[in-house]
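In what follows, a single structure is set out as structure tokens and then discussed.
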Amino acid sequence: MKKLLLLLALPLLSQAQTTPDAIKEKAAKIHEKALTIDTHADVPINMMKEGFDVSVEHDYAKDGSQIDFPRMKKGGMDGMFFAVYLGQGKRSPEANAEAKKKALAIFDKIHEAVKLHPEMAGIATTPKDAYRLQKEGKRAVFIGMENGWPVNNDLANLKLYYDLGLRYITLSHSANNDIADSSTDPDGPEWNGLSPFGEQVVKEMNRLGMMVDISHVSDSTFYDVIKLTKVPVIASHSSCRALCDVPRNMTDDMIKTLAKNGGVIQINFVPGFVKKPSMQQELSMKAIRLKLRQTDLSPEDKKALFEEMKANAKKYESDMPTIQDAVNHIEHVIKLTSVDHVGIGMDLDGGGKVIGLDDVSDIGVITEELVRRGYSAKDIEKIWGGNIMRVLAAVEKGKSI
Ligand SMILES: [Zn+2]
């Protein structure tokens, strides 16, 4: 009799678990417990602007900013890699030295913000730090560098940055540099992969215990890095070319090769890398993104730009990717390899945004979508932070200094 009752109750039970409310509830529990890490946050671009305070909650609808400590907490985002980003400029000794100076100023700003708010956040350089800060209810601020330009052709600078807390370098940005070819340089390849200096950079990063980030680099650079590295590497913010055919994304072969290396691809939420935009949309977004990256914008400029962005988003609304489209990229990597080689690097404050996710306080929707697709708590913990922390630990362990 008992058995029969149980059998009768089963369909009801499973139905209850798949109602929207039940999914939300289950996802909230998983989200709360998981260590959530995003590997590419461009919030330092805002922090370097006059008047932006990362400890104060901002409103995306008003100023378009997507990250600050209060909203990270609200969204259950435990840690992010704050990007020391410099767009590639002239490659002269003077310009390179200037890039180093600017990078050091960004490091200072990040350290200062954390020092001013020890009750909200702490600097993290190891998985241990991240798990400890999570327990303390504080945000973990990791530091990554987007573009190896500030390395300034001197390997000694890698140790300098490592000591300032740097744990990854994206070898190039949108243009070739003295380290490697980019995937998007309008002039095409220059080194056919890594330069001779770039090879030294990868070796030194391995030796120091700093992750090599292959987002933005050309396919040949990626394969050169894989041949050379002794430890797993990461793509801090890249998506899948099979789903969105742009050179900035990774091919299936690259993703499989990365998995064999033990590395991880962290899915990027920039609309143009999630879903291929129409040519017109692409051009208008590119123009806005370039303007956004300027650091000398007045409040009026910022407001005007944000309005332009909103109008643009409205105009191309049907082209915009959704949270489901973004999660399709996560699922693609899992199907191609396993759940051990994918994570999240949304590129917030750098163009990352999909329908359903405006800012960092919205990230619970990713967990909900993963639960809806039947992923277990264990899988979701790996995607959200377990995988990237595994790679960081391996890189740390592989160091030989
Ligand atoms: Zn980027």
Does [atom1] in [X] sit with more than 12 non-hydrogen atoms of other residues, nucleotides or ligands closer than 6.0 Å?
X	atom1	value
Q280	CD	no
E57	CD	yes
K102	NZ	no
K310	NZ	yes

Pairing of [X] and [Y] as salt bridge, 4.0 angstrom limit:
X	Y	value
R71	D68	yes
E317	K314	yes
D245	K276	no

**Request:** Could you pull out all residues at least two apart from E199 that satisfy side-chain hydrogen bond (donor to acceptor under 3.5 Å, both in side chains)?
**Result:**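 In terms of side-chain hydrogen bond (donor to acceptor under 3.5 Å, both in side chains), with neighbours along the sequence ignored, E199 is linked to no residue.
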
**Message:** Testing the 3.5 Å rule here: is there a donor-acceptor pair between the side chains of Y223 and D253?
**Reply:**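 Side chains of Y223 and D253: pair found under 3.5 Å.
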
**Message:** For a quick check under 3.5 Å, do S218 and D181 share a side-chain donor-acceptor pair by atom type?
**Reply:**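 No, because no side-chain N or O of S218 sits under 3.5 Å from a partner of the opposite role on D181.
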
**Message:** Among residues at least two apart in sequence or on other chains, which ones pass salt bridge (Lys or Arg N to Asp or Glu O under 4.0 Å) with K275?
**Reply:**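 Expected list: none.
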
**Item:** Matching residue for K353 among D358, D42, D325 - test: salt bridge (Lys or Arg N to Asp or Glu O under 4.0 Å)
**Value:**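 It is D358, the one option of D358, D42, D325 that forms the salt bridge (Lys or Arg N to Asp or Glu O under 4.0 Å) with K353.
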
**Request:** Run the numbers on D129 and R132 for salt bridge (charged side-chain N to carboxylate O under 4.0 Å, His left out), then give the verdict.
**Result:** CA-CA 5 Å; D129 289 339; R132 173 180 49 80; 3.3 Å; yes

**Message:** My understanding is that only one of T221, I226, V225 makes a side-chain contact (heavy atoms from CB on, under 4.5 Å) with V202; could you say which?
**Reply:**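 The side-chain contact (heavy atoms from CB on, under 4.5 Å) with V202 is passed solely by V225 among T221, I226, V225.
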
